[in-house]
Amino acid sequence: ENRIQLTFQLSLSFCLNRLMFEDPRRKKQLQKLVQKLGLSPSEPVDWSLMDLALTHPSISLTHNYEQLEFVGDSVIRLVTAELLLEDYPQEKVGEFAAVRSILVSDRILAQLAESYGIEPYLIIGTNATGNATGRQSWLADAFEAVLGALYLSTHNMDLIRPWLDSALKTKAVEVMNDPARYNYKDA
């Protein structure tokens with residue numbers, strides 16, 4: 001009985017998720033988010049991936065942002081590494097690793113998600129939103145998933161670096177000027 005109920009819930013969640021994307025209102029919402037990132041809604045964004053990037057696992061165990069988050073984790077690490085090499089060519093690799101670990105931490109990624117206003121576009125179950133301690137984690141996860149969706153839309157950084165570089169540069173300056181950065185393992 002529990003297995004049947006779970007299967008029904010998963011099927012219902014999947015159908016609701018697909019209906020939301022097919023709903024023109026959802027596409028308009030996603031286009032607004034893309035504009036907040038500084039991109040035109042006419043950019044070659046895969047809207048179904050973008051919708052999935054903003055679907056929390058509390059909505060569907062199978063159709064959620066986890067795989068896109070996995071890709072986005074690599075994207076943010078690569079963008080951060082490139083940016084640090086470009087802006088701080090004189091630094092040692094150990095310094096890059098320390099600064100990058102802070103810049104890709106859940107704390108910073110959640111701050112970036114907040115600054116771009118991602119939370120209102122996230123489809124998340126009430127059981128997850130009621131967990132205030134998990135908020136930073138799911139904001140960071142959704143931010144990485146958005147990066148993953150944008151990367152997979154073009155298979156390059158054209159939809160990412162134009163808007164993310166300036167935010168990361170600002171955060172990198174803050175980190176480089178913070179003497180506490182040497183405790184980067186605590187980030």
Side-chain angles (χ1 to χ4, degrees), residues 1-37 39 41-80 101 103-161 163-164:
E1 184 178 319
N2 287 340
R3 191 174 11 200
I4 293 170
Q5 184 179 8
L6 179 61
T7 303
F8 175 74
Q9 287 174 336
L10 290 176
S11 297
L12 180 61
S13 294
F14 174 71
C15 290
L16 287 173
N17 190 32
R18 294 303 105 212
L19 284 173
M20 284 183 217
F21 178 71
E22 292 171 9
D23 182 345
R25 292 173 296 181
R26 179 64 174 163
K27 186 170 182 181
K28 283 183 182 179
Q29 289 174 348
L30 297 174
Q31 288 172 331
K32 281 183 184 176
L33 174 59
V34 165
Q35 287 178 305
K36 285 183 176 185
L37 300 176
L39 299 171
S42 64
E43 297 283 355
V45 173
D46 182 328
W47 298 107
S48 63
L49 287 179
M50 198 64 164
D51 187 44
L52 194 60
L54 295 161
T55 303
H56 188 269
S58 63
I59 296 297
S60 170
L61 295 177
T62 55
H63 295 85
N64 59 57
Y65 63 50
E66 290 177 321
Q67 290 181 340
L68 291 170
E69 174 198 350
F70 175 75
V71 173
D73 178 67
S74 295
V75 169
I76 189 68
R77 292 175 65 79
L78 178 59
V79 169
T80 303
S101 72
L103 292 175
V104 302
S105 68
D106 278 2
R107 180 175 56 87
I108 297 295
L109 296 179
Q111 288 172 7
L112 291 171
E114 286 177 332
S115 72
Y116 287 107
I118 286 178
E119 189 171 2
Y121 301 94
L122 185 62
I123 301 168
I124 186 167
T126 54
N127 59 330
T129 56
N131 179 2
T133 57
R135 183 175 181 269
Q136 178 176 286
S137 179
W138 49 257
L139 278 175
D141 293 348
F143 188 75
E144 286 177 327
V146 166
L147 295 177
L150 292 173
Y151 173 79
L152 291 173
S153 292
T154 60
H155 293 277
N156 61 46
M157 302 294 183
D158 291 351
L159 296 176
I160 298 166
R161 294 224 38 197
W163 59 271
L164 186 57

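Just so we're clear, the structure is a prediction, and the values are computed from it rather than from any experiment.
Nearest heavy-atom pair, S58 versus G125, reported as atom, atom and distance to 0.1 Å: OG-N, 2.7 Å. Nearest heavy-atom pair, L33 versus G117, reported as atom, atom and distance to 0.1 Å: CD1-O, 4.3 Å.
Counting heavy atoms from C-beta outward, N64 and I59 have side chains that stay 4.5 Å or more apart. Between I123 and D51, some side-chain heavy-atom pair lies under the 4.5 Å cut-off. In this structure, R26 and W47 have side chains that are not in contact, with every pair of non-hydrogen atoms separated by 4.5 Å or more. Using a 4.5 Å heavy-atom cutoff, the side chains of I108 and F143 are not in contact. Between V34 and P41, the closest side-chain pair of non-hydrogen atoms is not below 4.5 Å.
Q31 meets the side-chain hydrogen bond (donor to acceptor under 3.5 Å, both in side chains) test with no other residue; sequence neighbours excluded. Partners of Y65 according to the ring-ring contact (aromatic ring centres under 6.0 Å, His included) rule, which considers only residues two or more places apart in sequence or in another chain, are H56. Considering only residues two or more places apart in sequence or on other chains, Y116 meets the ring-ring contact (aromatic ring centres under 6.0 Å, His included) condition with W163. Listed by chain and residue number, E82, E86, D165 satisfy the side-chain hydrogen bond (donor to acceptor under 3.5 Å, both in side chains) test with R161 (two or more places apart in sequence, or in another chain). Under the side-chain hydrogen bond (donor to acceptor under 3.5 Å, both in side chains) criterion, S137 pairs with no residue, sequence neighbours left out. Applying the side chain to side chain contact (heavy atoms under 4.5 Å, CB included) test to A149 and every residue at least two apart in sequence or in another chain returns L49, M50, A53, L68. For P44, the side chain to side chain contact (heavy atoms under 4.5 Å, CB included) partners are T154, L159, not counting sequence neighbours. Checked against side-chain hydrogen bond (donor to acceptor under 3.5 Å, both in side chains), E119 has the following partners two or more places apart in sequence or in another chain: R135. Under the rule for a side chain to side chain contact (heavy atoms under 4.5 Å, CB included), the partners of V75 that lie at least two apart in sequence or sit in another chain are V71, V79, L147, Y151, M157, I160.
The list of salt bridge (charged side-chain N to carboxylate O under 4.0 Å, His left out) pairs with a residue in residues 137-151, not counting sequence neighbours, is empty.
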When you look at L30 and V45, which way does the side chain to side chain contact (heavy atoms under 4.5 Å, CB included) test go after all the steps?
CA-CA 10 Å; L30 297 174; V45 173; over 6 Å; no
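Interatomic distance, NZ of K28 versus CD of Q35, reported as 12.0 Å (0.5 Å rounding). Here CD1 of I118 is found 8.0 Å from CG of L139. Values are rounded to the nearest 0.5 Å. In this structure, Q67 CD and E69 CD are separated by 11.0 Å, a value rounded to the nearest 0.5 Å. If you take OG on S105 and CD on Q111, they are separated by 7.5 Å, rounding to the nearest 0.5 Å. With rounding to the nearest 0.5 angstrom, the OG1 atom of T55 is 7.5 Å from the CG atom of L122.
With hydrogens and angles disregarded, no donor-acceptor distance shorter than 3.5 Å links the side chain of D73 to the backbone of F70.
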